[in-house]
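Encoded as structure tokens, the structure appears first; notes follow it.
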Amino acid sequence: MMLLVPCDPLRPRRPDEHLAPEAQAAREAGLTVAVVDHDALARGDDAERAVAPVPSGGTAIYRGWMLRSERYVRFTDVLAKRGVTVRTTAEQYRRAHELPGWYPTLAAVTPRSAWTTGADRADFDEARLAFGAGPAVVRDYVKSMKHYWDEAAFVADVGDGDAAWKVASRLRQLREDDFVGGFVLREFEPFTSAEVRTWWVHGGCVLIGSHPDTPHDQPPGEIDLGWLTPLIGALGLPFVTVDLALRADGVWRESKWATGRSAIGQSASSQP
């Protein structure tokens, strides 16, 4: 088994400083560690060069900053030419990374959602009318702009078409070329706790910890995940992280999908 991590942009033969401790731990555990050029992969301009340091043959796990789904496809394709099989396939990555892929399985435990397949006003209004009325959070398939809450995330009432479109348009403007898929409307649910990050391997939870955005807010002593375990198992994914928060009525909810692969990007990756 081989661990692939992004290289340090200034010292390309070394792991990115954020991943260096994990790379060292992997080496000590007997794994081969190789670096890849994440920036080149993200640009999509030279994937072959980006993976040049990776030894040929074997199975690999990618632990790194998130990539667009189409970039991940290219990443796995060039590795395959080197005889390297990535543990999370391109299909699994897209299914876990983009909301339309995982939402049907987790619909019962996450805010009600509707989404578009395009990014113009007509597409948005169609999704908005299907959603109904009430408050919502707007995002794209992989990320919101929660740090611009009032101008690019929160919609007080999706029944107000002009106001909702103003928020969606601002989100699109801020995301620029990073905008993925289409618009997503997520029903606003009032949460009373900081988010908790959970890590899952082969459908089983292996770790519960604080969210990277609130590292000093530790999770409660025990969280019963019996309600979530069969749903994560049903996804059939080798690795996922899921963010949870306690709703005002005392029910734990999936607050936002964190990552669907051994990647960090949004969490170690900042993805709301």
Side-chain angles (χ1 to χ4, degrees), residues 42 65-69 93-104 106-107 109-121 123-125 127-128 130-132 134-158 160-161 163-198 210-215 217 240-248 252-261 263-272:
W65 309 112
M66 69 182 186
L67 295 164
R68 295 177 68 98
S69 296
Y93 183 93
R94 182 183 291 276
R95 180 154 45 94
H97 186 50
E98 299 179 4
L99 181 140
W102 57 260
Y103 177 81
L106 299 184
V109 297
T110 195
R112 180 170 58 91
S113 302
W115 57 87
T116 72
T117 55
D120 61 24
R121 176 70 186 265
D123 293 322
F124 182 75
D125 282 341
R128 183 178 59 80
F131 186 88
V137 176
V138 180
R139 49 170 286 175
D140 68 13
Y141 283 10
V142 303
K143 190 175 177 64
S144 76
M145 295 298 291
K146 69 177 182 180
H147 299 299
Y148 295 83
W149 182 255
D150 291 326
E151 60 178 299
F154 181 68
V155 176
D157 182 5
V158 298
D160 185 340
W165 178 242
K166 181 178 180 180
V167 173
S169 298
R170 181 59 174 151
L171 166 79
R172 181 71 179 86
Q173 180 185 42
L174 290 169
R175 291 285 281 146
E176 297 181 316
D177 292 341
D178 291 328
F179 185 83
V180 176
F183 293 110
V184 176
L185 286 163
R186 301 266 279 161
E187 184 174 15
F188 176 76
E189 295 188 355
F191 296 128
T192 59
S193 73
E195 288 181 300
V196 173
R197 177 145 292 174
T198 61
S210 58
H211 190 278
D213 289 348
T214 53
D217 292 324
V240 292
T241 63
V242 183
D243 292 344
L244 307 175
L246 196 62
R247 199 168 57 187
W252 282 101
R253 298 281 280 168
E254 187 282 325
S255 55
K256 68 174 180 283
W257 189 251
T259 102
R261 70 265 180 221
I264 54 184
Q266 67 249 83
S267 38
S269 105
S270 40
Q271 180 176 340

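Just the heavy atoms: all of them, side chains too, but no hydrogens, waters or symmetry mates, feed the values below.
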Inset, instruction - Apply ring-ring contact (aromatic ring centres under 6.0 Å, His included) to F179 and list each qualifying residue two or more places apart in sequence or on a separate chain. - result: F183
Distance from [X] atom [atom1] to [Y] atom [atom2], nearest 0.5 Å?
X	Y	atom1	atom2	value
W149	S144	CH2	OG	7.5 Å
K166	D160	NZ	CG	10.5 Å
L174	H147	CG	NE2	12.0 Å

With sequence neighbours excluded, tell me which residues meet salt bridge (Lys or Arg N to Asp or Glu O under 4.0 Å) with [X].
X	answer
D125	R121, R128
R247	E189, D249
R172	none

To check you understand the geometry: which heavy-atom pair defines the closest contact between [X] and [Y], and what is its length?
X	Y	value
P215	P212	CD-O, 3.3 Å
S255	F191	CB-CE1, 3.9 Å
Y141	T117	OH-CA, 3.7 Å
L171	D140	CD2-N, 4.0 Å
D177	R68	O-NH1, 3.0 Å
D123	G118	OD2-CA, 3.2 Å

Is a side-chain donor or acceptor of [X] paired with a backbone partner of [Y] at a separation under 3.5 angstrom?
X	Y	value
T110	L106	no
D243	E195	no
D157	G134	yes

Side chain to side chain contact (heavy atoms under 4.5 Å, CB included) partners for [X], two or more places apart:
X	value
E151	Y148, R170
S69	Y93, R94, H97, E98
D217	A194, T214
V155	V138, V158, A164, V167

Inset, instruction - Take the angle between the ring planes of W165 and F124 and call it parallel below 30°, perpendicular above 60°, tilted in between. - result: tilted
Please list, chain by chain and in numerical order, all residues satisfying side chain to side chain donor-acceptor pair (under 3.5 Å) with [X], sequence neighbours excluded.
X	value
T116	none
W252	none
S210	none

Inset, instruction - Measure the shortest side-chain to side-chain distance between L244 and T198 over non-hydrogen atoms and say whether it is less than 4.5 angstrom. - result: yes
Legend entry - Check: R175 and V180 side chains under 4.5 Å, non-hydrogen atoms: yes
Inset, instruction - Answer yes when K146 and D213 have at least one side-chain N-carboxylate O distance shorter than 4.0 Å, and no when they do not. - result: yes
Legend entry - Residues E254 and R186 bridged, charged N to O under 4.0 Å: yes
